[in-house]
Structures are given as C-alpha cells and as structure tokens.
Amino acid sequence: MNRVHIKTYGCQMNERDSEAVAAMLRARGYRIVASEDDCDILLLNTCSVRDAAEQKAIGKAAHESSRRRRDPDFVLGILGCMAQNRGAGLLDRLPDVDLIVGTQKFHRVPDYLDNLRAAREAGVPVAEAIVETGVEEGSQNTIRDHMEGPGRQVCAFVSIQQGCDMNCTFCIVPRTRGDERSRPAGDIVLECEELAARGVREVTLLGQIVTSYGRRDQRQGDGASPFVRLLERVHAIPGIERIRFTSPHPRGFRRDLADAYSRLPKLGEHVHLPVQSGSDAVLRAMNRPYSRERYLEIVRMLKGARPAMAFSTDIIVGFPGETDEDFERTRTLCEEVDYDMAYVFKYSVRTGTPAASMPDQVPDEVRESRNQALLEVLRAGSLRRSRALVGTVQEVLVEGPDKTGLRLTGRTRANRAVVFDGPGRLAGELVPVEIAGASVSTLYGALAPAGAGLQTPACPVSL
Ligand code: SF4
C-alpha cells in the first residue's frame, strides 16, 4: 500500500515542490504512480492565489473523501498553499482528510506517511488528522531533490528562494509562503552542477521574488546584487547552456541585472516582468513600488542590453477602483511594450488581503469585458511577433518529442516553443531551426544546416 500520486494545482513553484516531495518519497521506498486511480495515497498540492483555485482543490478533496470513507487503507492528504492558508479549518468541510501539510513542512511528508501507515498496520486507531502548518527555520533549503525519469531531462526548475516581503495588496502569497528566505548560493550551485552532470541543459531559478534573492542575509554593496552574483556562478557551470528565472519584481531590475544580460550569454532574450497595471494610481493602490514610466525605463534598459529581448508579464484587470482611464493606460502599455505573452487575471477577492476591503470593487461584467479586450490586444501582438520570425533561423534547445510523439519540440532563446522534424537523439542539443510557420504561441520549422546563420531580429518597437 505504498503507491503515491501527487496532483498539483497552480504555479511552477508548486510543480517544483511536488517533484521534490515525490523524490523524497521515492527515496523512502514509496512508488510514484502516474494515475490517481492506481494509488493508495493521494496528495493534493494546492494553490491559493485565487478563490477559484481553492474551490477547485476543495471540490477535488470532497470527491476523494468518499473513496477515503469506502477504503480504510486509502490516505488523502492536502499540501501546499491552501493547507497553509486554511489549516485545520479545512477539516470542517473535509473531515475525512488524513494529512494537512503547509508550505514549510513539505519535507516532513515522508515521516508523516510512514507514521500513519505504521499505525494502521499495527491496528492502532488514528483518531485525528495530522495538521502541520507552522513556520520552520531553514525550510527553504529542503526543496532540492529531483526525480530521475526514464528519458533524458533537458530542463529543470531549481528553487532558490521562498516567501515574499512585498505585501502587494491583492496577494495572499506572503501569508501562504511566509517571509523571504533564500538558500545558500553554494547549495544552489551544487544542485545545478548535479543536474548538468545528469544531462540537464537549462535551469530555471525559481522563487516568489527571485530578484530579492539573498538581500536579507548575504553581503551587499560591491556593485552586483546577490541575485546577479548567483547568476554568474550558475553561468560558469559547464554543461548548463541556458538560464532562466521566475518570478522577478520590477524593483529588482537595476543596472547590474541589465549588465548581466550584456555579459552572460546563457541568459536568453526573454524576461518575465510582472507589471500588474499600466496606471500609476492602480499601482499605488496595489502597493507596487514603481511607476508606469519606471517600468518602461526598465524595458528600454533591457532592450539596450539585448535588442531582441522579448517580454512576458502578469496583469490584473478590474482591481478595486480601476477606472476606464486606468484600464486604457494598461491597454496602451501592452501596445508599447509589445509583449510576447501575458497572463491576464480578472481581480479576485482574497480574504485577508487589504484589497478585499477596498471600496469601489469593480463589477464582474466590467472585469470580464476588460479581460476580453486585453486578451485580444495581446493575442494580436503575439501573433504579429511570431510571424515576424518566419524566415529566420533560431537556436533551439531540443527538449524531446512533441505531444504527438512524431516531431521534436524545443524553445528558442526568447522562450518561444518550436515544433520541427528530427531524430530523438537531438534531445539536449542546441540546433539551428529555420522558421516556416507561426501561430500565436508556437513556431514551426525545419532543421537548418549546421552553421546556418542564426538571426535574432531586432525588436520592432522603439520606445
Ligand atoms: S511581489 Fe509577488 S509574491 Fe510578493 S506580494 Fe507582490 S505579487 Fe505577491
């Protein structure tokens, strides 16, 4: 009775946490299975960022509770952000859950499961659920294990930092993930070296606010931030060909980070730069410490370092008090930056955040119409930028077979997905691909002869 399935909701951080928990459980003798129908232990790693995400996870847990009632050996656990946010209160709605484990206790899951199974096997009644949502010093250092699969892993996520001290007024993350805590740089570099030795070619450094990496506990003031110094060390690792990171904060994009793009070629021509709104009034209400003009300055600075730089972003529409004029400023900012891609969210009330009690909540139909209008602007821009790449030769890091298994897929330096024909042995290689077709989010092409001139067209937008 040791087959575990972990179902993950939410962001890349949650995916990474689930992978680390799975690796720890496998090392402890558990089997990780791909289908939830085949498992003895179901762990739901949850997201709290919007109310809809929580309701989805609660609905799933309620559905699985009936299985738990039918099968006394079955184990049902809730992990992650919703477990942290709601704690033991979840048991009011989900009394059959065995395990509720918060974001600083992932590494304790193997012990909790061992104890639970031992008690059941010994016939000892387990009357109450295990609920662990406390703060644990050093917990940021525990998300480090990776799963080894049957095929070659080309890209990997590496957690460098947990929590956030920024207190944006709409955001529940400081409550679910705690204060900013960074891992030691040496541990991160060692993890990246081990990944490189296993064949990983691209690492994405992960955290709630990666650009603040080390600012609380590492030496400052010699011209480069701890985050840039970390990028330099990862850049020096043989075998690692590309470095990405998410999520940063505009506040962290100072001259040293722009210079890093000039000096460190393994950083691709892509930056995810969350803006949230193009209106200074809304940014102030969100407690975002930058203006529209400062944001555009950062975009210009990064395009100065890499003329072909592509941008993606996060945007909230319908924040309390957002007027038609505020929204118009967001729309025009999208046109000015000319994003490759954006995650657009309709504002959603999160209980316990300052924005939840702000006056002038925007009606749902207005939020929806602004959402649709912005998505259309972004879709048209993405398609235009994709089509501009047709006829160019792009350097593609081959990740493996595409969804059909018939072709290969990989990404350009600017993080665009590319699908093309080629042999599977190219996984992990950097190859030139001539782009022949484009949709909003995917490029299609053919392998170009070795040595074909790689072209990265200059950004068509001048700011
Ligand atoms: S910086 Fe990001 S994670 Fe931190 S409070 Fe703001 S939105 Fe949330």
Side-chain angles (χ1 to χ4, degrees), residues 9-17 46-54 80-82 84-85 102-104 135 139-140 143 157 159-183 204-216 225-227 244-254 257 271-292 294-295 298 311-322 330 333 342-358:
Y9 299 84
C11 64
Q12 292 155 325
M13 293 284 291
N14 287 15
E15 295 283 351
R16 178 71 194 99
D17 295 339
T46 57
C47 172
S48 249
V49 74
R50 283 181 295 285
D51 187 54
E54 284 202 349
C81 290
M82 186 178 77
Q84 189 72 40
N85 188 31
T103 54
Q104 300 195 32
V135 170
S139 61
Q140 72 276 16
I143 303 298
F157 292 116
S159 174
I160 67 167
Q161 175 255 356
Q162 295 269 339
C164 182
D165 292 347
M166 292 302 291
N167 290 313
C168 300
T169 55
F170 54 82
C171 185
I172 200 164
V173 163
R175 182 161 144 181
T176 57
R177 290 281 178 170
D179 296 339
E180 280 175 33
R181 289 117 49 221
S182 298
R183 293 178 65 195
T204 300
L205 307 182
L206 282 183
Q208 268 82 38
I209 178 164
V210 284
T211 39
S212 292
Y213 170 81
R215 73 172 173 169
R216 276 177 149 220
S225 65
F227 180 59
R244 304 191 191 280
F245 53 85
T246 196
S247 265
H249 191 291
R251 197 176 94 144
F253 279 84
R254 304 207 174 91
L257 186 48
V271 172
H272 184 72
L273 193 59
V275 67
Q276 308 300 358
S277 173
S279 156
D280 287 348
V282 175
L283 288 171
R284 274 194 301 278
M286 289 176 164
N287 195 29
R288 301 283 292 183
Y290 53 88
S291 64
R292 172 196 176 98
R294 171 62 190 148
Y295 184 91
I298 295 168
F311 293 88
S312 58
T313 195
D314 301 326
I315 297 172
I316 295 173
V317 293
F319 187 79
E322 183 189 73
T330 299
L333 179 112
Y343 297 101
V344 182
F345 303 101
K346 286 190 293 180
Y347 171 72
S348 135
V349 171
R350 300 308 293 121
T351 306
T353 61
S357 53
M358 284 182 180

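Counting convention: from 1, in listed order, for ligands and their atoms alike. Just so you know, residue 1 is the first one in the sequence shown, and it goes up from there.
Atom OG of Ser48 sits about 10.0 Å away from atom CZ of Arg177, to the nearest 0.5 Å.
Near Phe170, meaning under 4.0 Å from one of its heavy atoms, ligand 1 places the atoms 7 (S). The ligand atoms of ligand 1 that sit less than 4.0 angstrom from a heavy atom of Arg288 are 1 (S), 6 (Fe), 7 (S).
The backbone N or O of Ser182 sits nowhere less than 3.5 Å from a side-chain atom of Glu180 that would complete a donor-acceptor pair.
Applying the ring pair (Phe, Tyr, Trp, His ring centres under 6.0 Å) rule to Phe345 yields no partners; only residues at least two apart in sequence or on another chain are considered. With sequence neighbours excluded, no residue forms a ring pair (Phe, Tyr, Trp, His ring centres under 6.0 Å) with Phe311. Partners of Phe227 under the ring pair (Phe, Tyr, Trp, His ring centres under 6.0 Å) rule, at least two apart in sequence or in another chain, are Phe245.
Checking each of Ile316, Val317, Asp314 against Val344 for a side-chain contact (heavy atoms from CB on, under 4.5 Å) leaves exactly one that passes, namely Val317.
Put simply, the side chain of Arg288 reaches to within 4.5 Å of the side chain of Cys168, judged on heavy atoms.
Excluding waters, the set of protein N/O/S atoms under 2.8 Å from atom 4 (Fe) of ligand 1 reads Cys164 SG.
Not a single heavy atom of Arg177 lies less than 4.0 angstrom from ligand 1.
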